[in-house]
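A short write-up of the structure that comes next.
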Amino acid sequence: MDRREVIKGLAMLPIGGSFMSMAEAGQQRENGPLALNEDIYGSIGVDTIINCRGTFTIIGGSRERPEVLDAMKAAAGNFIQYDELAAGIGQRLADITKAEWGIITAGCAAAMKHATVACVTGGNPEILMKVPFLDDVPKNEVIIPRHSRNVYDASIRNVGVKIIEVNTPEELEEAINPRTAMIYLMTNNASDTGKPLSLENIARIAKPKNIPVLVDAAAEDLTIPVVHFERGATMVAYSGGKAICGPQCAGLLLGQKDILLSAWQASSPHHGPGRDNKVGKEEMMGMLAAVEAWTTRNHPQEWDNWMKWLGQISDAVTKVKGVTTQIQEPTGLNNRAPTLHIMWDPAALHITGPEMAEYLGRNKPRIAVGGRDNGSERTLLTVTPSQMIAAEVPVVANRIQEVLKMKRQPKKGMAAPTGSMAGRWTVVVQYSSSQTTHQWFLEQDENWLAGRHESDFATQDIIGTMDGKTVKLHSTFREPGKSVPFMFSGTLEGNTLTGNIHLGEYQNAKFTATKQDYQAPRRNILIPDGPPLAT
């Protein structure tokens, strides 16, 4: 895929945000008291969204089970002692899941954080009080295979440990030392059985050295007994607000009892680095109810319902000429739900999958779907039914069919640039509460831009377009486990470009870029014929 193909989707804003600021969105609310009914969100000016994407935290995670809501309401009416509650829940989770022990945390990321602290401290409260300043602590390193680095491992880094990356079993063997507190593994294709750094291979190396292995199974179905323990894991962390359909603000940590008791010591209500990860008694009992309900839910019937709903949506959208569909059924445990692919020729309907996903997500009735291009001749929408209810199915089917049938004009080509973006630019970025300065070094080929973007702490490639005087640019700051997109959109007037920056999940900013009148110095270069005669 060349840069022109990459650049086509730069204007698309994901469902997680738009150029409207949070302050502006808050001003859209209606007057009057909070509505304690199905219009509770509307009473503060917030639109509801039909979730056809899956268990994404940014749009609310999963639908809590009725048993969860009942348990939370029942738990709210009494007071308890939290350590006694944790002991009761730990034993009940052990009975249900066949794990040694379990604790309820403030989400899966908190479970990862508490597990890390437990492996660092060993239950020693003096070490707990040192977190995150661990230079003189006996165990202060965590090993992560390169393929498991992800944005969620910030919860491990926040403890203050040193992250050691490995790529092979040999590197893992060499990396383990007396300071190794834990090994972290995110379940993905690279960790599957038979791969060099599979969980089995990691456990084979780690267990003789008594190194705990934490598996991040946030979006997975819960297996009983937990399959990852059979493969060699010491602890497994799950999200409450994903497949298990518990409270969005709860998580589940299962595993070796002595380590989990240290993890509980490191969590709220106990003071220390975990006090900011509070989970209430209501969420704790709600999460326990969700785990119990998991064992009695009719999972085959749920799957049959999802397939039937996708079939109904497929029947509706394929009435549009040129539209085809396909249902994909995953075989793994992660994000386990069927997905409907709705495909068409974007040249025929004059709209791409990402553009349609953006339209559906921004216009009422708001529907969150996936959208992507699948080669130059096909584009698609994806519909995931796991968080839908039956009443939403005809709404989704009719709405997608309606938008597919809309008459649209062929897209016009880009207008000739009204100026030149080639050169060196000073970019003043105004964040919500601070200001900084970046640099662009750009080249221009008609409507197409490319070059280098120097942000505060990194330098990255930048690409873009110029349509008349409208400029769009995209770069991404990347480090292992970290990523920040910079999507600039502005208007060029003379040598000044002003506009907005969409930062993905990190909200928005404003910018003003000024072209520098820069001339590189011109001088002859003398290359010596030998080594220097002075230094």
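Counting from 1, the numbers follow the sequence of the chain as shown.
When side chains are defined from C-beta on, His502 does not count as touching Pro485, because their heavy atoms never get closer than 4.5 Å. With a 4.5 Å cut-off on side-chain heavy atoms, Gln444 and Ser420 count as touching. Counting heavy atoms from C-beta on, the side chains of Tyr41 and Asp47 never come closer than 4.5 Å. Within the 4.5 Å cutoff, the side chain of Pro385 has heavy atoms near those of the Pro338 side chain. You'll find the side chain of Trp344 reaches within 4.5 Å of the side chain of Ile351, heavy atoms only. Side-chain atoms of Ile183 and Leu172, non-hydrogen and from C-beta on, do get closer than 4.5 Å to each other. Between Ile501 and Tyr431 there is no side-chain heavy-atom pair separated by less than 4.5 Å. When side chains are defined from C-beta on, Ile525 counts as touching Arg523, because their heavy atoms get closer than 4.5 Å.
The local environment of CD in Gln430 is crowded, with over 12 non-hydrogen atoms from other residues, nucleotides or ligands closer than 6.0 Å. The 12-atom threshold is not exceeded at CG of Asp517, counting heavy atoms of other residues, nucleotides or ligands nearer than 6.0 Å. Atom CG of Asn363 is surrounded by more than 12 heavy atoms from other residues, nucleotides or ligands within 6.0 Å.
Arg366 contributes a side-chain N or O that, together with a main-chain N or O of Gly361, makes up a donor-acceptor pair within less than 3.5 Å. Asn51 places no side-chain N or O within donor-acceptor distance of the main-chain N or O of Ala368, the cut-off being under 3.5 Å. Judged purely by atom type and a 3.5 angstrom limit, Asn189 has no side-chain atom pairing as donor or acceptor with the backbone of Asp192. Without hydrogens or angle criteria, Asn201 side chain to Lys195 main chain gives a donor-acceptor distance under 3.5 Å. Remark: the backbone N or O of Asp345 is not paired with any side-chain donor or acceptor of Thr379 at under 3.5 angstrom. No side-chain donor-acceptor contact under 3.5 Å links Arg149 to the backbone of Glu165. Looking at Asn167, its side chain never comes within 3.5 Å of a backbone N or O of Arg146 through a donor-acceptor pair. A distance-only check finds no donor-acceptor pair linking the side chain of Asp315 to the backbone of Gln312 [under 3.5 Å]. Checking side-chain atoms of Gln401 against main-chain N and O of Ala316 turns up a donor-acceptor pair under 3.5 Å. In this structure, the side chain of Asn158 engages the main chain of Ala154 through a donor-acceptor pair within 3.5 Å.
Among all heavy-atom pairs drawn from Leu503 and Ala509, the shortest one is CD1-CB, 4.1 Å. Residue Trp440 comes nearest to Ala513 through the heavy atom pair CZ3-CB, 3.6 Å, listed as atom of the first residue, atom of the second, then distance. Contact record, Leu381 with Ala357: CD2-N, 3.8 Å, taken as the closest heavy-atom pair. Between Asn188 and His147 the shortest heavy-atom distance is ND2-O, 3.0 Å. The shortest heavy-atom contact between Met186 and Ser148 is N-OG, 3.0 Å. The minimum heavy-atom distance linking Pro354 with Asp373 is given by the pair CD-OD1, 3.9 Å.
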Step-by-step salt bridge (Lys or Arg N to Asp or Glu O under 4.0 Å) determination, Arg65 to Glu302: CA-CA 13 Å; Arg65 300 281 301 179; Glu302 288 180 356; 3.4 Å; yes
Checking Glu38 against Thr48 for the side chain to side chain contact (heavy atoms under 4.5 Å, CB included) test, could you report, in this order, the C-alpha distance in whole Å, the side-chain angles of both residues, the deciding distance, and whether it holds? CA-CA 10 Å; Glu38 66 277 1; Thr48 57; over 6 Å; no
How far apart are the C-alpha atoms of Glu355 and Lys411, what are their side-chain angles, what is the distance that settles it, and do they pass the salt bridge (Lys or Arg N to Asp or Glu O under 4.0 Å) test? CA-CA 12 Å; Glu355 289 168 341; Lys411 295 178 182 177; 2.5 Å; yes
Steps toward side-chain hydrogen bond (donor to acceptor under 3.5 Å, both in side chains) verdict (Thr187, Glu220): CA-CA 9 Å; Thr187 57; Glu220 286 192 5; 2.9 Å; yes
Test side chain to side chain contact (heavy atoms under 4.5 Å, CB included) applied to Ile156 and Met182, step by step: CA-CA 10 Å; Ile156 295 173; Met182 186 183 80; 4.2 Å; yes
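To the nearest 0.5 Å, the span separating OG1 on Thr384 from CZ on Arg53 amounts to 7.5 Å. Atom OG of Ser489 sits about 5.5 Å away from atom NZ of Lys472, to the nearest 0.5 Å. Note that CG of Leu497 and OG1 of Thr491 are 7.0 Å apart. Values are rounded to the nearest 0.5 Å. Residue Lys319 holds its NZ atom at 9.5 Å from OG of Ser314, rounded to the nearest 0.5 Å. Here the OH atom belonging to Tyr238 is positioned 5.0 Å from the CG atom belonging to Leu222, to the nearest 0.5 angstrom. Within the model, atoms CZ of Arg336 and CD of Glu329 stand 8.5 Å from one another, a figure rounded to the nearest 0.5 Å.
A ring pair (Phe, Tyr, Trp, His ring centres under 6.0 Å) with His453 is found for one member of Phe488, Trp425, Phe511, Phe477 and no other, namely Phe488.
Of the charged side-chain nitrogens involved, at least one lies within less than 4.0 Å of a carboxylate oxygen, so that Glu392 and Arg63 count as a salt-bridged pair.
Neither side chain, Arg372 nor Thr382, offers a donor N or O lying under 3.5 Å from an acceptor on the other.
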